Structures are given as structure tokens and as C-alpha cells.
There are 2 protein chains.
Amino acid sequence: MTLFLSTHENKIDKKGRVSIPAPFRAELSPESFQGVVLFRSNTYACLEGVAWSYMQEIGNRLDDFDLFSAEQDDLATSIFGTAVQLSMDGDGRVVMPQDLIGFANLSERASFVGMGAKFQIWNPSDFEARRDEARHAVQSKKLTIPKGRGHE
Amino acid sequence: MTLFLSTHENKIDKKGRVSIPAPFRAELSPESFQGVVLFRSNTYACLEGVAWSYMQEIGNRLDDFDLFSAEQDDLATSIFGTAVQLSMDGDGRVVMPQDLIGFANLSERASFVGMGAKFQIWNPSDFEARRDEARHAVQSKKLTIPKGRGHE
DNA sequence: TGGATATATATGGGATACCATGGGAAAAGC
DNA sequence: GCTTTTCCCATGGTATCCCATATATATCCA
């Protein structure tokens with residue numbers, strides 16, 4: 001199971017390339033497609049990154065909707081239509097499309113934030129604010145992680 | 001499993017030719033028939049594009065209706081009756097039939113929108129409106145992707 | 001323990017291949 | 001014989017590949 005952990009800050013060079021952190025590459029390496037899928041977050045000014053197989057899983061679940069239903073079309077449009085598939089070069093880098101760079105407010109550097117099955121890409125200073133906010137939310141609301149159901 | 005994602009905008013030249021985006025071609029390449037199947041959307045002013053093998057899947061699902069029912073007849077007519085099979089040339093282009101160009105309100109450019117198992121072809125500006133609409137629908141209806149049934 | 005060497009990672013830059021697009025030639029249909 | 005379609009090649013821009021370098025981490029030997 002893929003598990004992205006920790007935060008890594010890397011540089012975006014003038015060609016728009018950025019190195020995927022090596023620990024994240026290690027999680028991605030069992031994949032048949034050597035690369036990542038990025039899409040816009042629905043909540044924050046950041047990007048979400050997942051493995052190719054994660055998208056296949058979403059695709060399978062969408063197949064359980066009625067074909068051509070409004071729900072299926074809305075979900076597919078907003079998820080698959082806005083995602084991009086980026087392949088890594090031999091050195092583990094991807095080129096970030098310009099519109100995604102703009103959406104996430106990125107310039108010189110990018111923070112890769114492990115979130116378990118996915119990761120996020122943030123403007124480093126935006127992320128610091130977000131991290132503090134999340135920490136306070138967890139403390140004040142006393143959020144906990146529910147007991148597992150054993151993955152039946 | 002074929003999985004179309006991301007949006008690609010390509011030009012329709014004066015001969016009516018348009019390049020199938022290279023990532024989509026890669027998804028189609030395992031198919032025995034080198035080309036795509038296009039038909040009119042029943043909901044929007046756009047075209048639906050699928051691999052030849054996916055038409056069989058639609059056919060299977062139509063079998064779940066009562067044979068000779070009005071519903072089956074309507075669906076079969078609107079999908080299979082309007083579908084065209086377009087073969088790609090050596091450079092990965094297809095020629096769009098004039099009636100489909102008219103139906104989808106296409107002129108200079110066409111947006112290919114990955115939707116997972118299928119893709120759609122839109123007038124680029126029409127699609128931007130549709131993308132915003134879909135995004136709002138997902139947020140307001142709180143649409144989520146249900147947990148998969150494991151594709152037994 | 002300390003220092004030198006080896007390995008891995010991040011980053012820069014140039015060469016190359018690929019892709020979208022245009023146009024012309026050959027083939028097919030009317 | 002003329003129009004329409006299919007095939008083939010040319011081109012410009014871009015993204016990908018490949019190699020070089022720097023820096024950090026790990027390994028090894030004295």
C-alpha cells in the first residue's frame with residue numbers, strides 16, 4: 001500500500017521541472033506507469049498528487065454508477081477532466097503545467113506534503129499557515145482517528 | 001483498463017482533421033481497431049468518444065432492459081444509431097464528420113476531456129462553463145465516490 | 001573516533017525525439 | 001475527369017532524455 005509521509009521542499013527550475021522527493025518515488029515505483037497524477041484541490045489553493053493506480057480505482061468505482069447519469073458525468077468531469085498525468089524523467093522529475101503552477105500559487109519552490117494515500121503540493125509559506133491551522137483544528141475540536149474496521 | 005484523463009485542446013484544420021491527444025492514443029493502442037467511436041451526447045452539446053471495445057460494454061448493459069422495451073429502443077437508437085467509427089491516420093488524426101461538428105458546436109478548436117473509461121469532445125468555451133457547473137454540482141450535492149464493490 | 005571515499009539525491013544544461021499541424025501527392029469514389 | 005478522401009512527408013515548437021555537477025548522507029578503513 002502506498003503511504004506518503006513527511007514534507008519535502010524542492011525547487012522548480014526555469015523549465016518548470018521539479019524533483020519528486022525520493023521517498024515518494026519509492027512509493028510510486030511499484031506502479032506500472034512511472035509518474036504521478038495531479039489535480040486541483042477542491043478545498044485549498046494546492047495540488048493533489050496520487051499514483052496512477054489510485055485513479056484506476058476511482059475509475060472502477062465510477063463504473064458502478066449508471067452510465068450517462070448526471071452524477072457520473074459531474075464527478076468524471078471534475079475529477080478526470082481536470083487531472084493531468086505527468087511522467088517522471090530518468091532523474092525522478094516532472095514538469096508542472098503552467099496552469100497548475102498558477103492555481104497553486106507556486107513560484108520558486110514547492111512543498112510536497114505526504115498525506116498517506118495521496119500527497120499535496122503547496123507554496124511553502126502557504127503550507128506553513130495551513131499546517132498551523134490544521135493543528136489548531138485538531139486540538140480545539142479534539143479530533144481523533146476512528147477505530148479501524150479491519151478492512152473487510 | 002483504458003483510462004482517459006486530463007483535458008487537451010487541439011485544432012481542427014480546414015480538412016476537418018483533428019489530432020487525438022497522444023496520451024489518449026496510448027490508451028487506445030491496445031485495441032484491435034485503430035481508431036475511436038464517436039456519438040452524440042444525450043445530455044450536452046458535445047460528443048462522446050470511446051474505444052471500440054467499450055461499445056460492447058454499453059451493449060451488455062442495454063441487455064439489462066427488457067428486450068424490445070421502449071427504453072431499450074430509445075437508448076439503442078440514440079447511441080448506436082448515431083455512432084460513427086473513425087480510423088486514425090498515420091499521425092493519429094481523425095476526420096470529424098460535418099454533422100458531428102455541427103452538433104457539438106465546433107469550429108476552430110476542440111477540447112478532448114478525459115472522463116475515465118470514455119472521453120468527451122467540446123467546444124472549448126462551452127466546456128469551461130460545463131466544468132464550472134460540474135464542480136459546483138459536486139460541491140453542492142456533496143457527491144462522493146462510493147466505496148468500490150471490488151469488481152468481483 | 002576521525003577522515004576519506006562511496007552512494008544517493010537534487011539541480012542545471014544541452015542534445016534529441018516526439019507531437020501537433022500544414023501541405024502536397026496518390027488513391028478512391030462519383 | 002473531377003472531387004473527395006487517404007496517405008506521406010516537412011516543420012516548428014516543446015518536452016523528454018541523457019550527462020554533468022554539487023551537496024548531503026552513508027560506509028569504510030585506519
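It should be emphasised that the depicted structure is a prediction, and the values quoted were computed from it without experimental measurement. A note on names: the letters A, B, ... follow the listed sequences, proteins ahead of strands, and every chain is numbered from 1. Below, all heavy atoms of this structure are taken into account, side chains as well, without hydrogens, waters or symmetry copies.
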> B/F112 and B/W122: aromatic ring centres closer than 6.0 Å?
Replying inline: no
>> Please report whether the ring centroid of B/F24 lies less than 6.0 Å from that of B/F119.
In response: yes
> What's the closest nucleotide to the B/R17 side chain, out of C/dG23, C/dA20, C/dA10?
Replying inline: C/dG23
>> Of the options C/dT11, C/dT21, C/dA15, whose atoms approach the side-chain atoms of A/K15 most closely?
In response: C/dA15
Would you say the side chain of [Y] lies within less than 4.5 Å of the side chain of [X], judging by non-hydrogen atoms?
{"X": "A/T82", "Y": "B/T7", "result": "no"}
{"X": "A/F39", "Y": "A/V84", "result": "no"}
{"X": "A/P21", "Y": "A/N10", "result": "yes"}

> Where along residues 85-116 of chain B does a heavy atom come under 4.0 Å from DNA chain D, residue by residue in number order?
Replying inline: B/D91, B/R93, B/V95
To the nearest Å, how far apart are [X] [atom1] and [N] [atom2]?
{"X": "A/N10", "N": "C/dT11", "atom1": "CG", "atom2": "C1'", "answer": "10 Å"}
{"X": "A/I12", "N": "C/dG13", "atom1": "CD1", "atom2": "P", "answer": "16 Å"}
{"X": "B/F24", "N": "C/dC19", "atom1": "CZ", "atom2": "P", "answer": "14 Å"}
{"X": "A/K11", "N": "D/dT23", "atom1": "NZ", "atom2": "P", "answer": "13 Å"}
{"X": "B/R25", "N": "C/dC18", "atom1": "CZ", "atom2": "C1'", "answer": "9 Å"}

>> What residues from residues 118-128 of chain B pass a heavy-atom cutoff of under 4.0 Å to DNA chain C?
In response: none
>> Strictly distance-based, threshold 3.5 Å: is any side-chain N or O of B/Q85 a donor or acceptor partner for the main-chain N or O of B/V37?
In response: no
>> Quick test of your reading of the model: are A/R25 and A/D91 salt-bridged, counting only N-O distances below 4.0 Å?
In response: no
>> Name the residue from A/R130, A/R131, A/R135 that meets the side-chain hydrogen bond (donor to acceptor under 3.5 Å, both in side chains) definition with A/E133.
In response: A/R130
> Do A/S41 and A/Q120 meet the criterion of a side-chain donor-acceptor pair at a distance under 3.5 Å?
Replying inline: no
> Mapping A/A22 and B/H8 to their closest nucleotides on DNA chain C, which lands nearer the 5' end?
Replying inline: A/A22
